[in-house]
Amino acid sequence: MSEIRITLDGTERAVAAGTTAGEALSADGRTVIAARVNGQARDLDHVLADGDVVEPIAIDSEEGRAILRHSTAHVLAQAVQDLFPEAKLGIGPPVENGFYYDFDVAEPFTPDDLKRIEKRMREIVKQGQRFRRRPVSDEEARRELAAEPYKLELISLKGGASEEESVEVGGAELTIYDNVDPASGEVRWKDLCRGPHVPSTRVIPAFKLMRSGGAYWRGSEKNPQLQRIYGTAWESKERQDEYLHMLEEAEKRDHRKLGAELDLFSFPPEIGGGLAVWHPKGGITRRVLEEYSRRRHEQAGYQFVVTPHISKSTLFEISGHLGWYAEGMYPPMEMEGATYYPKPMNCPFHIMIYKSRGRSYRELPLRMFELGTVYRFEKSGVLHGLTRARGFTQDDSHIFCTPEQLADELASLLQFVLDLLRDYGLTEFEAELSTRPEKFVGDPEEWEIATEALRHALEKSGLPYKVAEGEGAFYAPKIDVHIKDAIGRRWQLSTLQVDLQMPQRFDLEYQAADGTRRRPYMIHRALFGSVERFFAILLEHYAGALPPWLAPVQVVGIPIADEHVPHLERVVAKLREKGIRAEVDASADRMQKKIRNAQKQKVPYMLLAGDDDVSKNAVSFRYRTGEQKNGVPIDEAIAEIVNAVENRIQI
RNA sequence: GCCGACGUAGCUCAAUCGGCAGAGCAGCUGUCUUGUAAACAGCAGGUCAGGGGUUCGAUUCCCCUCGUCGGCUCCA
């Protein structure tokens, strides 16, 4: 057959037999770097067959970037083996914003090594080595890769039925990619790999090695630790610079740094890792943040409860936490023959409140809310400021409802969550529906009911969502709400879980209209997740410049000269009457210095006053943006500030 | 917990190839009295993270511990 028929751009076309995907697409190999053939990603030099459907993969698409990054990972591995011939290869997949490759080496890489490796990579990129795909049998692969023990392990794993697809050995046949010198045609390097790849290393427009660190082989701490090198690669220098700039910005916004600079909180070593103390300025913001949430909950029909920080082991035995998470709990305390544990969760305590007396269907849904501080023993290596702490406060609610109420309750709950998050200035949301994990308790049919109720709530909310198979908690499927912050980072925040286990374990009941005793459903719901973590996320989102209603100091009065202090004192007194956190900077510093100080503290309103203002009974605004507004009558100034605070407006 | 880097004044950072530890900011005391991001001068501030070792002598070299940071694993 000298002609075959293929589908291109949705229309059928005849091309010569032997035509490659790249030829059919007229791909330049720079903007279009690979092809999708019948839905499968392929190299551009993939030879087409009759009936193939061919689509281009652009370098600036998500899929294209992944291919680019994966190819860059190969260049990295080649460079490492050039410089460290004894290095054994692990795996080298693309990841979000970049790629990595794992190596078994005697000595961990130093920053200097990374520089040398990156330099070697640039040489390889410049050479324009071609990526050439070559199918091999298992035996051939084993023979060629005899010196690569980890690759051999991957080959032997390939047959495993439930083995997840990897970039090394995905699919039915094994392939090796050769890196070929374009001048001599010699094979410079090769790697076991599924592909596809960019046509040539020269196509890699921008890359950079980022850092190295230890990583367990195949992700298990039982396995040996390899050395992982992370890098990033982009379709253009500009996009890479943008990304690097975002990282710099993220570093500037680091809540641990801002926490110290703005005097909000600290982690004294004497107290212990992961245990924060809140300074006055952090404390006031936290109080306002909590108070607003509490008020909204009360308005939405929640009842405020309070429970203790420790409990006898009995409670956690019934709840099952001791069985499942004992190693993450602080160790027990023995007192008068009883064993007490610091609480890792609030739910069993709320159940005790439910059980304190008989319940009627008329009371349901019963919504309990608590800012409950819990303690979990996080391993020392994972602590990270307020976002991963050992003591933290959950804004925890538990809702007990009848099976008939479940779907509606979840839907309104999700709406409530989103509305409240918006009030804190977050605007972009995504959700994830996590289904039954491998390790679970209960009846799969009930899991199905609960999962469907959650799905219904998501559909009703119109929120975009993904399904995360097997990511649920051991006792419940859940919805996680993710937000995007001001520099595009995703954070998981709220969680909604339908729990069919706790009601059974604690034998919860209510009396139905027909007089029978029935089992309620229970919904776990945290909105911030942890108040500490939410605080950190807001701080990073706003880069420390909190909206006026949350700012620790909302107004600083700055006199031009000492004689203007009394005028500002009067303004500040009026502001305080309205509940505004205002002060006058009467220190010995000059006016310019006071502005600088207030600016560095990210105070939303600086009110200046000199002779002009005093004579007109006015003040002059300086906002932290640098803008100013002079000679504003005092009443107007106060009204402007009060309005921004009351309506939670960011300035 | 594991791998690695780092730890000098409240903060940011110097210096000492093994020989009495130095600056800016912040603080304190004065002087100056000012219109939108740093007035001037003086003073004070350190077990060089902690412990042990090598050495005539250790902040510097070696070991251990603690802490921080970056990864991995984990995250009810």
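What you see below is based on every heavy atom in this structure, not just the backbone, and it leaves out hydrogens, waters and symmetry mates.
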Could you list, one pair per line, each protein nitrogen or oxygen that sits under 3.5 Å from a nitrogen or oxygen of nucleotides 68-70 of chain B, together with the distance?
{"residue": "B:rC69", "atom": "OP1", "partner": "A:R256", "partner atom": "NH1", "Å": "3.0"}
{"residue": "B:rG70", "atom": "OP1", "partner": "A:R256", "partner atom": "NH2", "Å": "2.9"}
{"residue": "B:rG70", "atom": "OP2", "partner": "A:R256", "partner atom": "NH1", "Å": "3.3"}
{"residue": "B:rG70", "atom": "O2'", "partner": "A:R211", "partner atom": "NE", "Å": "2.7"}

When all nucleic acid strands are considered with a 4.0 Å heavy-atom cut-off, which category describes [X]: base, sugar-phosphate, or nothing?
{"X": "A:S220", "answer": "nothing"}
{"X": "A:Q227", "answer": "sugar-phosphate"}
{"X": "A:R590", "answer": "base"}
{"X": "A:F109", "answer": "nothing"}
{"X": "A:D613", "answer": "base"}
{"X": "A:G320", "answer": "nothing"}
{"X": "A:Q592", "answer": "sugar-phosphate"}
{"X": "A:P108", "answer": "sugar-phosphate"}

To the nearest Å, give me how far apart [atom1] ([X]) and [atom2] ([N]) are.
{"X": "A:Y623", "N": "B:rA37", "atom1": "OH", "atom2": "P", "value": "16 Å"}
{"X": "A:E317", "N": "B:rA76", "atom1": "CD", "atom2": "P", "value": "22 Å"}
{"X": "A:L226", "N": "B:rC2", "atom1": "CG", "atom2": "P", "value": "17 Å"}
{"X": "A:N597", "N": "B:rA26", "atom1": "CG", "atom2": "P", "value": "8 Å"}
{"X": "A:W324", "N": "B:rC74", "atom1": "CH2", "atom2": "C1'", "value": "16 Å"}
{"X": "A:D104", "N": "B:rG4", "atom1": "CG", "atom2": "C1'", "value": "15 Å"}
{"X": "A:D585", "N": "B:rU33", "atom1": "CG", "atom2": "C1'", "value": "15 Å"}
{"X": "A:M210", "N": "B:rA5", "atom1": "CE", "atom2": "C1'", "value": "16 Å"}

Does the side chain of A:F349 reach to within under 4.5 Å of the side chain of A:L315, using non-hydrogen atoms?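 Answer yes - side chains close enough.
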For the residue pair A:F528 and A:D395, establish whether any side-chain heavy-atom pair is separated by less than 4.5 Å.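 Sidechains of A:D395 and A:F528: in contact.
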So if I take every side-chain heavy atom of [X] and compare against [options], which nucleotide ends up nearest?
{"X": "A:R228", "options": "B:rC72, B:rC74, B:rA38", "result": "B:rC72"}
{"X": "A:V382", "options": "B:rG1, B:rG35, B:rA76", "result": "B:rG1"}
{"X": "A:A215", "options": "B:rU36, B:rC72, B:rC74", "result": "B:rC72"}

Base of [N], side chain of [X] - is there a donor-acceptor contact under 3.5 Å?
{"X": "A:R388", "N": "B:rC74", "value": "yes"}
{"X": "A:Y216", "N": "B:rG71", "value": "no"}
{"X": "A:Q225", "N": "B:rC2", "value": "yes"}
{"X": "A:Q628", "N": "B:rU36", "value": "yes"}
{"X": "A:D611", "N": "B:rG35", "value": "no"}

Judged by each residue's nearest nucleotide on RNA chain B, which is more toward the 5′ side, A:I560 or A:Q497?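 The 5'-side residue here is A:I560.
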For A:Y475 and for A:P269, find the nucleotide of RNA chain B with the closest heavy atom, then tell me which residue's nucleotide is more 5'.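 Nearest-nucleotide comparison on RNA chain B picks A:P269.
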Do the ring planes of [X] and [Y] sit parallel (below 30°), tilted (30 to 60°) or perpendicular (above 60°)?
{"X": "A:F377", "Y": "A:Y330", "answer": "perpendicular"}
{"X": "A:F265", "Y": "A:F267", "answer": "perpendicular"}
{"X": "A:H350", "Y": "A:H398", "answer": "perpendicular"}

Just to be sure I understand: a Watson-Crick pair is purine N1 to pyrimidine N3 plus N6-O4 or O6-N4, both under 3.5 Å. Using that and G-U wobbles, which stems of three or more pairs involve RNA chain B?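 Detected stem regions: B:1-7 with B:66-72, B:10-13 with B:22-25, B:27-31 with B:39-43, B:49-53 with B:61-65.
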Hey, are A:D613 and A:S620 close enough side-chain-wise for a donor-acceptor pair under 3.5 Å?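 A:D613 and A:S620 do have a side-chain donor-acceptor pair below 3.5 Å.
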Between A:E249 and A:R253, does any side-chain N to carboxylate O distance fall below 4.0 Å?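 Answer for the salt bridge query: yes.
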Inter-nucleotide [atom1] distance ([N], [M]), Å rounded:
{"N": "B:rC56", "M": "B:rG46", "atom1": "P", "result": "31 Å"}
{"N": "B:rA5", "M": "B:rA38", "atom1": "C1'", "result": "35 Å"}
{"N": "B:rG7", "M": "B:rG50", "atom1": "P", "result": "13 Å"}
{"N": "B:rC48", "M": "B:rU59", "atom1": "C1'", "result": "4 Å"}
{"N": "B:rG4", "M": "B:rU47", "atom1": "P", "result": "30 Å"}
{"N": "B:rC25", "M": "B:rA41", "atom1": "P", "result": "9 Å"}
{"N": "B:rG24", "M": "B:rG45", "atom1": "C1'", "result": "14 Å"}
{"N": "B:rA21", "M": "B:rA9", "atom1": "P", "result": "14 Å"}

Kindly say whether A:V632 contributes a backbone atom to a donor-acceptor pair with the side chain of A:K616 at under 3.5 angstrom?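 Not at all, since once roles are kept as given, no pair shorter than 3.5 Å links the two residues.
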Checking the side chain of A:K88 only, and the main-chain atoms of A:F103 only, is there a donor and an acceptor separated by less than 3.5 Å?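 No.
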If the cut-off is 4.0 Å, is A:K593 near the phosphate of B:rA26, judged by side-chain N/O to OP1 or OP2?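 So the side chain of A:K593 is within the cut-off, an N or O lying under 4.0 Å from OP1 or OP2 of B:rA26.
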When you measure from the side-chain N and O atoms of A:R622 to the phosphate of B:rA37, is any distance below 4.0 Å, counting only OP1 and OP2?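 Checking B:rA37 against A:R622, a side-chain N or O does come within under 4.0 Å of OP1 or OP2.
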Ring centre gap for [X] and [Y] strictly below 6.0 Å:
{"X": "A:Y475", "Y": "A:H524", "value": "yes"}
{"X": "A:F207", "Y": "A:F99", "value": "no"}
{"X": "A:Y375", "Y": "A:F392", "value": "no"}

Can you list every side chain to side chain donor-acceptor pair (under 3.5 Å) pair that touches residues 560-572 of chain A, not counting sequence neighbours?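 For residues 560-572 of chain A: A:H564-A:D611.
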